[in-house]
Structure formats: C-alpha cells, structure tokens
Amino acid sequence: MTAALAAAAVVAVRQPWRTDDAAAAPAGGKPSTVGVQRTSLSSGVNLSGRIGYGAATELGAQGQGTFTKLPAADDEITAGGTVYELDGKPVVLFTGTRPFWRELAGGMTDGADVRQLEQNLVDLGYAKGLDLRVDDKFTDATAVAVKRWQKALKLEETGKVELGRIAVLPDRTVRVQEVVAKLGGAAGGSGGTVVKVTSTELVATVQPEDDQLPQFAPGSTVEVALAGGGKVQGKVRTIARAHSGTDGPGTGAGGGGGGGGKDKATVTIALADQAAARKTLDSAQPAVTVTVTDHRADDVLVVPVTALLALAEGGYGVQIVRDGAAPVLVPVKPGLIANARAEVSGDLREGDQVVVPS
C-alpha cells in the first residue's frame, strides 16, 4: 500500500533540475542515491586573484656620492641594517612614516623627526642606561645614543645624523624587489630611485567589480583557495584604486594587467598561513580563488540540488530509499543553496539515501 501511494505521489511532481525524469532510475530499475549529509554550507562571491608581495615602494637617495655597495633582488633588510653604501658608508634602514628632511643634531628646533630618530635608537638598543625620553627634543642623551649607533656602524662619532644617512620605511623588514641604481654609479642627492622594496609578507590581490566592493570591508575575513590545493584564511587589509592599464593584481609575482582605461579597485588580503602561500608562489601558477561568504548555514542537512523535486501543489520534496524499499516522497523545505548542494529540513535524517539522476 505504501509503495502504491509513493508511486502515485511521484506522478504529481516535476524535477526542474533534470532534463529527463526517467534518468533517476537506470535500466536495472534501482535508482541512484546519495546519502544525506550533516555539514556546513556557505555561499558568496568567488574571484580569481594572484599571490604576491603587494605594491612596491621606491626608495631614493638623499645623499651624494658613489654607490659602493648595493643589495640584491630578494634580499631582506631589517631596521638597523644597511640598505646600500655611498662612498663606503652605510645608508641604514629605520622604521617610520616620514623621511628625514634635515640634519639632526644638538641645538636644532623640536620636531617629529627627532621623535622618530629617538624611537629607532631605543628600539635598536642604543639608549640602554640613558635617560632618553622619546619626544620632539634633541637632548644630550639623544646625542650619546647617536654616537653609540655610529660606533656600531664604524662611522665617525659626531653625535649628529647627516641628511641621507638614514632611509625610512613603515615596515620593520622589507624585501628588495628590484635594484635600480648601478654599482659605481653616482647618487646626486635628488632622490632618484635606488631600490624598489616590498613587504616580506605574501598577500593575495583581487579586483572585484564596484558592486562587489561592499563585501570586501577592511578587516573582514575571506577564504583563499590556493592553486596547488588547500585553503587559507585571509583578512582584507586595503582597498585601493589603480588604473587598469597598469599591472594588475600580484604585480610583484607575475600578475598581468588589463586594458580598458577604467580605474579598478584592488583588494589586498593578508594571508594567515605564509608557508602555504609561499608554496603557491613558487609554483608555475601562483593563482588563488578568493571567496567572500555572504550567507552561511552550520550543522544542517544537505542534499545534492538535483535531488529536489518541485511538487505540483507547491513546495519541494525528495525521494528517500530506506531499507531497500521503493522510494518514498518526503516533503522538504529548502534553505541555502550553494555549490550544487541544498540545505533541507523535513522528515529525513543524516545518512538517508536520496534519489538523484544517474
């Protein structure tokens, strides 16, 4: 009796996902089935992107002289280390947000550049035991700390810092992307580019359409699928406009550009697993797929979307096979649909076998 009712019910359904309802039952008469899963389901925007080191910063020379030592591409330089040499003397990397624009010495007027100098001297350990307060005043303690720093660099211990001796960048450690200056060439003090540097941290970059930008709020979490397999968590760091005629996402790691003359937004995404990202960068295809989740359902029953049947009287159902019996039609309420799977609720449970096209 149950089988007969089930057969009658099947007549009253349509299968909008199928081109041929008879495909659900192969020639042998036994339908193809898939188990109902309890899992999480999410939907969102998927965009192709690239792995790279992000935008490069050009570092110029303020001092004059001959380049007697230059770094090599891919070198990493940490604050306190030498970026390059002029006339055999080091130009040192300090951390900060603005370049130095004047000589720093006792008797000078107060300024934020003095505070930046003192902060670096403290961070590098040259102010230990000194009554050096990090502020805008160049004091005797500041001069002593400068002399200690000069002694470590084997420079004349003058207690003052001449213009061009320090290169300032926001990152404590940088990676050399390209060396522009030539060994033995002359630095004219006009700020000509010596090297181009990037962060040492790998990032993913994508270029969404304008109507997709609201889903990439700074600080929001995204999922980054790596070309070689695996996924890492990402966090949106910045959104910037760049002309599409220039190099596109991932310029530092082989990213291509596009034409069209329209400003595009580039989203930079910090990656939690740098080791996994580096493997992708070293591969032949440093590509990624970035997913921004806009809807998510956790701990729900999920079936293939092709298992859903549109009922003639409205709503949806699935055919369930239990204990080898004939398929039984069970009404269900669909929820989130993503990646060819559908969240469902109704009189079914995890492990039930639902009929799908063969």
Using the test ring pair (Phe, Tyr, Trp, His ring centres under 6.0 Å), find all partners of Phe94 that sit at least two apart in sequence or belong to another chain.
Trp149
Decide whether Ser48 and Thr289 meet the rule of one side-chain donor and one side-chain acceptor closer than 3.5 Å.
no
On a heavy-atom basis, which atom in Leu41 and which in Ala338 lie closest, and how many Å separate them?
CD1-O, 3.9 Å
Residues in ring pair (Phe, Tyr, Trp, His ring centres under 6.0 Å) contact with Phe100, at least two apart in sequence or another chain
none
Here the gap from Tyr316 atom OH to Leu308 atom CG, rounded to the nearest 0.5 Å, amounts to 7.5 Å
Please check: side-chain N/O of Arg172 versus main-chain N/O of Ala79, any donor-acceptor pairing under 3.5 Å?
no
Given Thr78 and Thr173, is the side-chain hydrogen bond (donor to acceptor under 3.5 Å, both in side chains) satisfied, shown in steps?
CA-CA 4 Å; Thr78 300; Thr173 303; 3.2 Å; yes
Considering all heavy atoms of both residues, which atom of Gly159 and which atom of Phe138 are nearest to each other, and what is their separation?
O-CZ, 3.4 Å
If you draw a 6.0 Å radius around CG in Asp135, do more than 12 non-hydrogen atoms from other residues or ligands fall strictly inside?
yes
For Glu201, what residues pass the side-chain hydrogen bond (donor to acceptor under 3.5 Å, both in side chains) criterion, not counting sequence neighbours?
Arg237
Do Val197 and Leu169 have side chains that approach each other closer than 4.5 Å (heavy atoms only, starting at C-beta)?
yes
Between Arg102 and Asp113, is the salt bridge (Lys or Arg N to Asp or Glu O under 4.0 Å) condition met? List the steps.
CA-CA 9 Å; Arg102 57 180 177 169; Asp113 50 350; 2.6 Å; yes
Between Arg322 and Asp352, does any NZ, NE, NH1 or NH2 come within less than 4.0 Å of an OD or OE carboxylate oxygen?
yes
Does a side chain donor of either Arg133 or Thr142 reach within less than 3.5 Å of an acceptor in the other side chain?
no
Check this for me, if you would: do Arg175 and Glu76 make a salt bridge, where the nitrogen-to-carboxylate-oxygen distance has to be below 4.0 angstrom?
no
For Thr221 and Gln233, which I'm curious about, is there any donor-acceptor pair between the side chains at under 3.5 Å?
no
Flag for Glu223-Thr291: side-chain donor and acceptor within less than 3.5 Å
no
Output yes when Lys147 and Glu157 qualify as a salt bridge under the 4.0 Å nitrogen-oxygen rule, no when they do not.
no
Are the side chain of Arg165 and the backbone of Pro90 linked by a donor-acceptor contact shorter than 3.5 Å?
yes
Of the non-hydrogen atoms in Ala265 and Ile239, which two are nearest, and what is the gap between them?
CB-CG2, 4.3 Å
How long is the gap from OG1 on Thr39 to CG on Leu301, to the nearest 0.5 Å?
10.5 Å
Heavy-atom pair of closest approach, residues Leu70 and Leu183:
CD1-N, 3.4 Å
With distance as the sole criterion, is a donor-acceptor pair present between the side chains of Asp123 and Gln119 under 3.5 Å?
yes
If you define the side chain from C-beta out and look only at heavy atoms, does anything of Val179 sit under 4.5 Å from Phe67?
no
Flag, side chain of Gln274 to backbone of Leu202, donor-acceptor distance under 3.5 Å
yes
CD1 (Ile320) and CG (Leu329) are apart, to the nearest 0.5 Å, by 9.0 Å
Euclidean distance, Glu209 CD relative to Leu47 CG, rounded to 0.5 Å
8.5 Å
Straight-line distance of Lys333 NZ to Glu343 CD, nearest 0.5 Å:
9.5 Å
Correct closest heavy-atom pair for Gly63 and Ala187 would be O-CB, 3.7 Å
Rounded to the nearest 0.5 Å, what separates atom CH2 in Trp101 from atom CG in Leu163?
11.0 Å
Are the side chains of Val232 and Leu226 in touch, meaning some heavy atoms are under 4.5 Å apart?
yes
For Asp298 and Ser40, work out which heavy atoms get closest and say how close.
OD1-OG, 2.9 Å
Could you tell me whether a side-chain N or O of Arg148 sits under 3.5 Å from a main-chain N or O of Lys128, the two making a donor and an acceptor?
yes
Answer yes when Arg115 and Glu118 have at least one side-chain N-carboxylate O distance shorter than 4.0 Å, and no when they do not.
no
